[in-house]
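This report concerns only the one structure given below.
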Amino acid sequence: MSDLFADTFEIMLAGMGGVFIFLILLTFAVGLLTKLCPEITAPKGGVDAQTPAKETPNVASSDNASAAAKLAAVTVAVQKYRQARGSAADQQE
Amino acid sequence: MSDLFADTFEIMLAGMGGVFIFLILLTFAVGLLTKLCPEITAPKGGVDAQTPAKETPNVASSDNASAAAKLAAVTVAVQKYRQARGSAADQQE
Amino acid sequence: MSDLFADTFEIMLAGMGGVFIFLILLTFAVGLLTKLCPEITAPKGGVDAQTPAKETPNVASSDNASAAAKLAAVTVAVQKYRQARGSAADQQE
Amino acid sequence: METLNTLWATTGIASLSFGALVMIVVGLLLIYLAIVHKFEPLLLLPIGFGAVLTNIPLAGMNEAGGVLYTLYSSGVATGLFPLLIFLGVGAMTDFSALLANPRMLLLGAAAQFGIFATLVGAVALNLVPGVEFTIQQAAAIAIIGGADGPTAIYLSSQLAPELLGAIAVAAYSYMALVPVLQPPIMRLLTTKKEREIKMVQLKPVSKRARILFPLMVLILTFLLLPTAAPLIGMFCFGNLMRESGVVDRLSKAAQNELINLVTIFLGLAVGAQLTAGSFLTVQTLGILLLGAFAFCLGTAAGVLMAKLMNLVSKQEINPLIGAAGVSAVPMAARVVNQEGLRANQHNFLLMHAMGPNVAGVLGSAVAAGILLALAG
Amino acid sequence: METLNTLWATTGIASLSFGALVMIVVGLLLIYLAIVHKFEPLLLLPIGFGAVLTNIPLAGMNEAGGVLYTLYSSGVATGLFPLLIFLGVGAMTDFSALLANPRMLLLGAAAQFGIFATLVGAVALNLVPGVEFTIQQAAAIAIIGGADGPTAIYLSSQLAPELLGAIAVAAYSYMALVPVLQPPIMRLLTTKKEREIKMVQLKPVSKRARILFPLMVLILTFLLLPTAAPLIGMFCFGNLMRESGVVDRLSKAAQNELINLVTIFLGLAVGAQLTAGSFLTVQTLGILLLGAFAFCLGTAAGVLMAKLMNLVSKQEINPLIGAAGVSAVPMAARVVNQEGLRANQHNFLLMHAMGPNVAGVLGSAVAAGILLALAG
Amino acid sequence: METLNTLWATTGIASLSFGALVMIVVGLLLIYLAIVHKFEPLLLLPIGFGAVLTNIPLAGMNEAGGVLYTLYSSGVATGLFPLLIFLGVGAMTDFSALLANPRMLLLGAAAQFGIFATLVGAVALNLVPGVEFTIQQAAAIAIIGGADGPTAIYLSSQLAPELLGAIAVAAYSYMALVPVLQPPIMRLLTTKKEREIKMVQLKPVSKRARILFPLMVLILTFLLLPTAAPLIGMFCFGNLMRESGVVDRLSKAAQNELINLVTIFLGLAVGAQLTAGSFLTVQTLGILLLGAFAFCLGTAAGVLMAKLMNLVSKQEINPLIGAAGVSAVPMAARVVNQEGLRANQHNFLLMHAMGPNVAGVLGSAVAAGILLALAG
Ligand code: NA
Ligand code: NA
Ligand code: NA
């Protein structure tokens, strides 16, 4: 019994040690990885590009934005409609 | 042979009896169930709440409704558009 | 060794022959098939029917088309919105 | 030269047997019925194709190591595929109409008379020389009257796998023929006045009742008829996933991906049982005959039960809806609706027929459980 | 008459055992918790249903030839289902938050203390008369502290299949109880000031880094801990499919169809292990007790590790996020966010807690590998 | 202390073998090619990952009980997975272009010369000391020239499973290299004038013809070449589901869920065959060499056949489209289109190349059937 206890205790120590060794090594590896593969600044522009789009619903009264949005809405809707009709037609064929 | 016949006849009687016993018991159980778990009147309100929404396309000329609908349309469409662009961007990356 | 060679060579000849026989027979069979099951002229009309729909986005400035497209947009968007709300309601229930 | 001989020996022409040829024609016929006449195409197209493949000589697709054999032994012989289909069907079934009017369960019970009368009929056919059905085979044939594909396939995989191909073909064919078989019987047994009966609108059913219903059915099955537990259990599991509202993604997967993929596999594997040796027999004729008999009797029993209920109870029901008790969801309910409209242009019975229709699914699963218990 | 006797003998009432009845109630209780209290319904609803089905007498659904047995032996005993779930989870996991702040891995490591302390605790329970856990069983129980369902099921299928049912139920129940179990511990071990710490915004991570990360984890596993390769390998495969961007249709199939279908099968098969003989034991009580112990210790260790890191490093972290290191994705991260908001209305910790949260998944898979190596 | 020793003994470093290391690098290389160079990523990413996993020492993922072994033995050794993929490919294939111009079948036939010439080539390689291919192995290698992944995997699982890994890698790699391998050959064998030939527009094809086509192919297979029935049969089944229009949900399931899930499993299981013992051999070099040889010969044969047809017939065809006869759908057709545009900016050959392209799929399935009959 106390043998089993001692073994288990040893497994506990070795186990926690193993988990920490593995994840500490991984920490360094990730640090290295993100240093070697930095995020290019492009995404910031990407975020900028997205921001106005996100705000569109709020500024829907402003002319240009709303016109663009409407066009998008129309395009999407017409596509949806056509798809729906198209697949219905397929089944009736 | 006539033994098999008799057996089969007995299975028929026991079978139809069993089916009826099972489903009659279930009938009473369902009666009890629907009595214990009545439908709350809320859904009627739910239906009311839905009705104007359903009519929206017909009253699209009335100002408020159409404005709301347009806003919804624009929002959906812009989201769709952005998703589409977003995933396309992902693949081009 | 040279036996294996001879066998393999024979397989090559029989194989190419077999492939050609199979696909030549299929060629004749397909010829017969398309002769027996000609395409009816209807599909051309079908293409015609689709053409104006495809052009809609381009003529979005023309009044009628854009009105129809807007209606479609609104309808789709409202349906989407209702579905979204409906399923959200389901989960909150 | 020898190579050419070998090649010739491996053509189908060289080892053509008459039986295989006939079975390939049978397979093509099923495909024809599925595509041109829309005979239960989801099952009969794969079954027909499986029948063609299994009868191609030398291909060995239904022998150990072949793909059809693999599908059959892992999915049909174990009962797995039909039970998974039943799970999906449970997830697709809405019991609202039944819960709103639980007396409809009686119609679903009565329509199972087709099953048990056919059991006797199959044993009686033993009097014909050359036909010899065991009680297990008779039970597997009788379940055709349940008008429920997965139930029929499951029961015959357990009781009489040697008849599985013929039974599945008969079950799905007659389900496709419901619009032809049922109306004459329905009209024969009802007066025009009865067919014109309008039924009161159904009350809405609470979500809680819809959630508790599959659990209640399961508990009843556990107490009364454990042999029906595989079928009814999987069905109720699917239905509980649907109604619980907390596992939407699983419920949708069961209704779509699961049922579609398993249908492809099940159809091919069942079709692979359609070999000359097992199908081109007098027994098959008997099965086709008995199947039609079972369908017609079940329809009649449902209609007559509805008329009996009208004698006893005050709240009238249109006896046409009794015919939907055989299940064949949703075809039988549509046929009822159509006949109702024929009698009176404004008599829409579809929703009312859904009650006996889904009751029939439960009814035939119960009947299958009883047959497993008594004839298994 | 004899037929009626046979029929009676095949009712569930006639062969009811007390143990089976209790287990059916346990199954219904799990279903109740899943539906009404939203206790991990995706798993606990199928597990509960499987528990009911497996305990229906005479139905034999968990005996050779039965559908639950077929699912268990082909999918759980082989480890296939939990590994496929892990593949799908990998395809659903976004490691951006972790890559932006790799120190979070330390929190995921610390929280595994719950596992190893429970290992000792389980062996200590052997001092209680009537309880007798082998080291393999202790290891399988301890992994409950990993707060990760597939890992727990996989490890106990390999080390102690006889306890699988109880371990799975405990694991998913405590994961559902995270919002109840964790907050008191989190508040006890932190000051209000600590809980108010705001963290700096995360930097974006390049696509290339996100692609290389699963490969790096895989290589580290290969070099250091091959016994964890099945779990971590499948997880990394899913994640690589997600991030690579070249196999979108496979990645989506893994996140949807695959994980949904396998969840249905896995749940039923795991539930089928909940039989009276294996569940109604003192051991089960021990498992439930130890599971709670493991969860609480893991939470505490994560929080304390965060405080320790604040002592050493200058860039402060909110110690609440240490609690997310137990995994229980995404529940634990949401609890952290909620506690952060309680301390300061403008303190949004969700994104920051995702780092330790996904680190905890890796941490417990590593711990499982070590237990397989040392106690297997 | 002993525990630490055990732990060390279970690290991958301690039991690293040179062969396994090389194979892991090979796996990573395949992943690199899949992600960065988009080399058939749907297959080569899972294959590469499977190759890494199978070579992790001590993990035993490809030994009895391991998950890769389970996938291989149940899905690849039985031929099930490649056949299901072929079913899905059938459901995705549109034969309209071929039906509108059935002479294209001749190009699909000619391009199979690559296969049979390679068969001789493989046997000839036996003259090189250290290389020893049996006729079965030679046949499995030759099928790489079919430029069709599932066909190659199916045939080598039946004839030479020990070479399956190398053959699959070669087949998919060369299919990815089609834009590099084919254009020089195409230009070498054609004049600029020939490449500028514009082809007449294709007539539309009736729905009925598209439905009857797969059945016709099936019947021809049954009569002439039953050994090709598993491949061609499953392919035609998928195509019939697509064209029939009555089983849309099954057809879509075959094109999406089925093919996606099976691709994940197939890729992992095939990759698991890439072990040092079976891959790091002189034979593998031979296979890679012969595969390139087969591709080039097939391309040349297709182009020359087109030129021959121009000598005989009046309705001119652009000989470039002969190159699409090797299949490699749709990559080869795209390459043809590109080369056509290079010769003349207004010469769009894509639709015309689809005819020989899908003919090549049938052609290599026919060739596989012949090889099974003669070398099996
Ligand atoms: Na029925
Ligand atoms: Na964890
Ligand atoms: Na080819």
Side-chain angles (χ1 to χ4, degrees), chain C residues 1-58 72 75-76 79-80 82-84 86-87 90-91, chain F residues 95 98-113 115-124 126-127 133-135 138-139 142 203-213 216-217 219-221 223-225 228 232 301 359 362-367 369-371 373-375:
Chain C
M1 183 61 218
S2 73
D3 247 27
L4 180 61
F5 239 125
D7 282 2
T8 311
F9 210 80
E10 228 176 282
I11 292 179
M12 182 181 95
L13 292 182
M16 276 314 285
V19 169
F20 266 102
I21 290 173
F22 192 102
L23 292 181
I24 287 173
L25 283 176
L26 192 57
T27 308
F28 289 118
V30 169
L32 203 71
L33 177 70
T34 47
K35 196 162 285 174
L36 292 178
C37 311
E39 174 67 338
I40 322 132
T41 43
K44 229 207 137 190
V47 169
D48 281 348
Q50 258 183 331
T51 316
K54 265 186 187 154
E55 284 171 6
T56 309
N58 303 330
T75 313
V76 167
Q79 276 167 357
K80 286 264 153 196
R82 229 182 281 152
Q83 274 170 20
S87 58
D90 261 2
Q91 296 195 338
Chain F
F95 278 108
L98 184 63
L99 294 178
N101 193 0
R103 288 188 310 151
M104 295 296 121
L105 282 163
L106 295 178
L107 300 176
Q112 310 313 318
F113 179 66
I115 294 178
F116 293 102
T118 305
L119 181 74
V120 176
V123 170
N126 281 353
L127 296 175
F133 291 124
T134 64
I135 183 78
K203 302 163 300 183
V205 177
S206 72
K207 197 187 168 198
R208 187 176 294 188
R210 281 184 281 131
I211 294 177
L212 288 174
F213 178 70
M216 216 173 63
V217 174
I219 290 169
L220 215 56
T221 306
L223 291 176
L224 296 182
L225 197 57
I232 295 188
L362 287 179
S364 48
V366 170
I370 292 178
L371 290 172
L374 294 181

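The shown structure was predicted, so the numbers you read here are calculated from the model rather than taken from an experiment. Per chain, numbering begins at 1; letters A, B, ... match sequence-line order.
Closest approach of C:Leu23 and F:Gly363 over heavy atoms only: CD1-CA, 3.9 Å. What you find for F:Ala209 and C:Thr34 is that their closest heavy atoms are CB-CG2, 4.5 Å.
Under the side chain to side chain contact (heavy atoms under 4.5 Å, CB included) test applied with C:Leu26, the options F:Thr221, F:Leu106, F:Leu220 reduce to a single match, F:Leu220.
Interatomic distance, F:Leu362 CG to C:Phe22 CZ, rounded to the nearest 0.5 Å: 7.5 Å. Residue F:Ser206 holds its OG atom at 7.0 Å from CG of C:Leu33, rounded to the nearest 0.5 Å. Annotation: the span from C:Thr27 atom OG1 to F:Leu98 atom CG amounts to 8.0 Å, rounded to 0.5 Å. In this structure, C:Leu32 CG and F:Leu212 CG are separated by 11.0 Å, a value rounded to the nearest 0.5 Å. Between the CE atom in C:Met12 and the CD1 atom in F:Ile115 there is a gap of 13.0 Å [rounded to 0.5 Å].
If you measure heavy-atom distances from F:Ile370 to chain C, the contacts under 4.5 Å come from the side chain alone. With a 4.5 Å cut-off on non-hydrogen atoms, F:Leu99 touches chain C through its backbone and its side chain both.
Residue with the most contacts toward chain F among C:Gly18, C:Ala29, C:Pro38, C:Gly31: C:Ala29 (heavy-atom pairs, distance under 4.5 Å). Taking F:Gly108, F:Ala110, F:Ala138, F:Ala375 one by one and counting their heavy-atom pairs under 4.5 Å with chain C, the maximum is reached by F:Ala110.
Counting only heavy atoms from C-beta outward, the side chains of C:Phe5 and F:Val120 approach each other to under 4.5 Å. Side-chain contact between F:Leu119 and C:Ile11: present, with at least one pair of heavy atoms (C-beta onward) separated by less than 4.5 Å.
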